[in-house]
Chemist: 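Got a structure for you, written out below as structure tokens; questions coming shortly.
Order of appearance sets the numbers: ligands from 1, and atoms from 1 within every ligand.
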Amino acid sequence: MSKMEVKTSLLDNMIGVGDMVLLEPLSEESFIDNLRKRFDHNEIYTYIGSVVISLNPYKSLPIFTADKVEEYRNRNFYELSPHIYALADEAYRSLRDQDKDQCILITGESGAGKTEASKLVMSYVAAVCGKGHEVNKVKEQLLQSNPVLEAFGNAKTVRNDNSSRFGKYMDIEFDFKGDPLGGVISNYLLEKSRVVKQPRGERNFHIFYQLLSGASEDTLRKLKLDRDFSKYNYLSLDSATVNGLDDAAGFRTVRNAMQIVGFMEDEMQSVLELVAAVLKLGNIEFKPESRVNGFDESRVKDKNDLKEMCELLGIEQSVLERAFSFRTVEAKLEKVSTTLNVAQAYYARDALAKNLYSRLFSWLVQRINESIKAQTKSRKKVMGVLDIYGFEIFEDNSFEQFIINYCNEKLQQIFIELTLREEQEEYIREGIEWTNIEYFNNAIICDLIENNQNGILAMLDEECLRPGTVTDETFLDKLNTVCAEHQHFESRLSKNSKFLTDHSLPHNCFRIQHYAGKVLYRVEGFVDKNNDLLYRDLSQAMYKANHSLMKMLFPEGNPDKVNLKRPPTAGFQFRASVSTLMKNLQTKNPNYIRCIKPNEKKAPHIFTDSLVCHQVRYLGLMENVRVRRAGYAFRQAYEPCLERYKMLCKQTWPHWRGPTRKGVEVLLTDLQVPAEEFSYGRSKIFIRNPRTLFFLEEKRRHCLEDLATLIQKIYRGWKCRTHFLLLKKSQVVVAAWYRRYAQQKKYQNIKRSTIIVQSFIRGWKARKILRELKYQKRCEEAVTTIAAYWHGTQARRELKRLKEEARRKHAVAVIWAYWLGLKVRREYRKFFRANAGKKIYDFTVQRIMQKYFLGLKNTMPSMSPTDKNWPARPYQFLDGTHQALRRIFHLWRCKKYRSQFTEEKKAIYEEKLEASQMFKDKKALYPSSVGQPFKGDYLEIKKNPKYQKLNSAVEEKILLADVINKINRANGKSTPRIFLLTKSHFVLADHKTGQVKVSVPLSDVTSVSVSTQSDGFFALKLKEGSTSAAKGDFLLSSERLIEIITKLYRTGSATADREQLNIDITDEFLVQFKQDKVCVKFIQGSPKNGNSATCKRKNNRLVEVSVPSP
Ligand SMILES: Nc1ncnc2c1ncn2[C@@H]1O[C@H](COP(=O)(O)OP(=O)(O)O)[C@@H](O)[C@H]1O
Ligand SMILES: [Mg+2]
């Protein structure tokens, strides 16, 4: 916290007084006035010391926000305006920091806001205590137990739309750090009569309506329920729907809350089944059936609901049906079965419904406890919150009110005991003398009710257990006799005869003067309610149900554990649980919240004085204030006290250096407060009268005003001064900066001007120099030009002169030469002979020729006849000579070349010559043959032993032997054959064996035909009529065609008696094949089958030779 934070106090901005202890004067009137005043200003909380009075605002106020929680967190109780959060914070902090178990006791009548207050306390504690995943889960479970219990235990009443119909005490357990660990809930006395009957304008428990409006169709079908409320006898139609209460949404909230708390899905289902069973039970009706003995026996009227209920819970229908008609009474091993009449059957039915529901409710509490109980065994700190029904005074008060009011008496006891004890302890602690205070102690009333011997509850139990006829009346009689003398007991028939004339006291009633007022109780139903009987047949029937939860709720129905002892009565049970509660509370530090209902209309802004006054009275609030004020009205620790009032005294203002107690003493002495008005405790100052406190407060207010003025004055002065100083300082700074700026500007201006002037002058000077320089340069240029022109003129003049001179000299020389020539010719003419010219000429020619030949001799070409070289001619006139010499030289060298030849070589060349004469330029095959020497015998017949036979067949000299192809005349296919040529014959022989096929005398061969092309085909035509011509002409082919034909031709020409052989070169010729004249035709073909020509007989007139084009 910062030092500047304003310390507030309860006493600041107070509307009325925030603490009733300070009320002055103290009277009931001023008390109520103060409450009203505060209520009108939405101040619903007021303190009596540390007790909080809470008025129900019946509207939502903006004082329960998270911000508020923060505001009250860790603040002292009296520091802020009264609030329930202040109490919760105080309780939580002393629990956490001082290790004191706490209990928060919330009392007040129905609708006063107890349940809301308990929720506010819980939510505040949840908000300020530790955080974390586990802790949050625990908090959530604790908070979510509320909606579940409210759904099953709350109902709309005339006083409160959400009235708790059970008492609740919840212990919240914390660990040493103050983090919540879990909780334990105890429930007290559910108002179960509501299950079967509701007063006018009220409803049954919320869960019935929530289930019917909020459950899905499917769920309802499973539970065999109908959405329509009017179908169920137990739901009064009167006020089935409540304004501002959405039952369907409520159902979802409950389911969700049950889930969070930890209910299993099947548990929830079982619970709903039991709720449905209660509704069904209400619809079972009975009719009388006459019996022979004259008694009526009850019978179930319409069995449909009974059947459905039995199906729902798995009960055998006949068992339940019987239980509604008969009753078994067991006494000492004897069983007697009596019939039930209709009224008894209805009683039994309702008893079952009530028991079923209240046991279900207790089971729920126990089940929630299982979920929320703390998981550790370590020591826990506990904060208990008690939200129990308040004092109830109705027109018609019965057993329930009696019990409730008894509980309130007990609480009041605790209150008295604890507050007074607390007060006393504080006085002792502070060392202040204790003065006894008169107050009403209600122990006597408690005794009247709970005394073991003659208390009202004890007598009721006695009456219930007594054999013989027992009625409410006999009970009242008993009371009359036993309690007659008691101060707080009144009845018409009591010995106290003064009541005989009191007509406000009817006969069947008794009255108790409770600490909070007199209450008239009607005895009717006391015995029954206390007995709380459920026929054993019914509990046994329930135990037989095939429904685990149901079984669990009726353990006494177990036939194996028949217990003939009566169960404890309701009164006894309640007394016991209240006593445990009281013991529990006594060990804890109490914190009280007293709830007050401002009006009966549940409306905001209405404050009914009489109603509030009544509550103030029975809550004993005035007494509370008085007790509190009996000694000292106000107490405060020394430090905050000194802090608050130190400005009232010069010594303590503004700082007190010594111990605070001393400071307070100085202060009070200085203010001249009378000494009896206060006492000095050890740590606190005790102020006896509120007046003194208000005197101090008033003084403080005045003083604060003066102080405020003083502070304002000083502050204003200080502010002005600082402002002025700041201005001054700023002014200096500004001025300095400005001056600097101005000087800078001025300097810059001067500098700029100087530069401008300077530049003008420099420019002017430069231009002047430039002008001079330019003039000078022009002068120099002019001189040069003039000089150049002058030199030019002089040079040209000189040139002209020299030219003239040269021309003249030349002319002189020419003339001189002519002249000399003329002179010489004239002189030597007489010496020349007449033919001298011819001689000179000849001589010259001779010389030239000589030179020519000598030159030719040195440049002669080679002796090769093929050498084409010949020197160039030197003179044109020697052209003829030169060519002639060349020809002569060539002939001579050819002759020389020829003369080297042998005979053989000569023959070969002759042959070649002949071949050239025949084929050159005529057949394309010829050029390829030029380079080949004509060897003649390629097979070496003579030497080769393979051809011995052939050799012997041919006697003459073989001129040519080679393998050639013979073309078959019929189909043009070729066959290899040895071809031999002798002087007189040609022979064709088998090329393998050497067998002679044909031998044709050359005289029979008339002509040879070949093509112009590069093929080797040739036809040998035979003389007509000769023996060789019988088969016809031969068509042959050979690569050496040129050699063969040349040799053939030469053989022919060498023989004088034979005709010259005809060589026919043409591409189309006729041959004689037997009788046919066949045309052999050569065509240019595409080069296929390699490069060789192919021959084909086309028909009997045509043989076609295809020659590949070159
Ligand atoms: N602090 C509050 N602020 C607003 N409304 C309140 C407050 N306390 C109680 N109420 C209203 O009063 C009604 C009854 O309060 P409730 O706590 O149920 O009474 P009780 O438990 O004493 O019977 C609540 O339903 C609510 O409408
Ligand atoms: Mg309540």
Chemist: Do you see an N/O/S atom of Thr115, backbone or side chain, under 2.8 Å from the Mg ion (ligand 2)?
Modeler: yes

Chemist: Purely on distance, is any nitrogen or oxygen of Glu116 under 3.5 Å from one on ligand 1?
Modeler: yes

Chemist: May I ask you to decide whether Glu28 forms a salt bridge with Arg617, counting only side-chain N to carboxylate O separations under 4.0 Å?
Modeler: yes

Chemist: Taking the cut-offs as 6.0 angstrom to the six-membered ring centre and 45 degrees off its axis, would you call Arg594 and Phe415 a cation-pi pair?
Modeler: yes

Chemist: What are the atoms of ligand 1, with element, lying closer than 4.0 Å to any heavy atom of Asn162?
Modeler: 18 (O)

Chemist: When you measure from the centre of the six-membered ring of Tyr209, is the NZ or CZ of Arg203 closer than 6.0 Å and no more than 45° off the axis?
Modeler: yes

Chemist: Ignoring angles and geometry beyond distance, decide whether Leu120 reaches within less than 3.5 Å of ligand 1 through its nitrogen or oxygen atoms.
Modeler: no

Chemist: Enter the distance from Glu29:CD to Asp609:CG here, rounded to the nearest 0.5 Å.
Modeler: 9.5 Å

Chemist: Any heavy atom of Gly108 closer to ligand 1 than 4.0 angstrom?
Modeler: no

Chemist: If you have a sec, work out which protein heavy atom is nearest atom 27 (O) of ligand 1 and how many Å separate them, to one decimal?
Modeler: Tyr58 CD2, 4.7 Å

Chemist: Which heavy atom of the protein is the closest neighbour of atom 23 (O) of ligand 1, given with residue, atom name and distance?
Modeler: Gly111 N, 2.7 Å

Chemist: Any idea which part of Lys602 is under 4.0 Å from ligand 1, heavy-atom wise: side chain, backbone, both or neither?
Modeler: neither

Chemist: For atom 4 (C) of ligand 1, grab the closest protein heavy atom and report residue, atom and distance to one decimal in Å.
Modeler: Lys59 O, 3.0 Å

Chemist: Heavy-atom distance under 4.5 Å between the side chains of Gln259 and Met268, does that happen here?
Modeler: yes

Chemist: If I apply the N/O under 3.5 Å rule, does Ser163 come out as touching ligand 1?
Modeler: no

Chemist: Under a 4.0 Å threshold between the charged nitrogen and the carboxylate oxygen, would Arg75 count as salt-bridged to Asp89?
Modeler: no

Chemist: Check whether any N, O or S atom of Asn154, backbone or side chain, sits closer than 2.8 Å to the Mg ion (ligand 2).
Modeler: no

Chemist: For ligand 1 and Thr115, I'd like to know whether there is a polar contact (N/O to N/O, distance under 3.5 Å).
Modeler: yes

Chemist: Starting at CG of Leu448, measure out to OH of Tyr406 and round the result to the nearest 0.5 Å.
Modeler: 11.0 Å

Chemist: Going by heavy atoms, is Asn160 under 4.0 Å from ligand 1?
Modeler: yes

Chemist: Taking N or O atoms only and a 3.5 Å limit, does Lys114 qualify as a polar contact for ligand 1?
Modeler: yes

Chemist: For ligand 1 and Ala117, I'd like to know whether there is a polar contact (N/O to N/O, distance under 3.5 Å).
Modeler: no

Chemist: Only heavy atoms count here, so choose which of Ile84, Leu55, Asn56 is nearest to atom 12 (O) of ligand 1.
Modeler: Asn56

Chemist: Would you indicate whether Gln586, at its atom CD, is surrounded by more than 12 heavy atoms from other residues, nucleotides or ligands within a distance under 6.0 Å?
Modeler: yes

Chemist: Walk me through whether Asp161 and Lys602 qualify under salt bridge (charged side-chain N to carboxylate O under 4.0 Å, His left out).
Modeler: CA-CA 9 Å; Asp161 289 346; Lys602 307 175 198 170; 2.7 Å; yes

Chemist: Near Lys583 NZ, under 6.0 Å, is it more than 12 heavy atoms from other residues, nucleotides or ligands?
Modeler: no

Chemist: Using a strict cut-off of 4.0 Å, indicate which atoms of ligand 1 neighbour a heavy atom of Glu109.
Modeler: 22 (O)

Chemist: In terms of relative ring orientation, are Phe526 and Tyr521 parallel, tilted or perpendicular, with 30° and 60° separating the classes?
Modeler: perpendicular

Chemist: Parallel, tilted or perpendicular for Tyr45 and Phe64, by the 30°/60° rule?
Modeler: perpendicular

Chemist: Heavy atoms only: which of Cys595, Gly113, Pro57 is nearest to atom 2 (C) of ligand 1?
Modeler: Pro57

Chemist: Quick one: does Ile44 get an N or O within less than 3.5 Å of an N or O on ligand 1?
Modeler: no

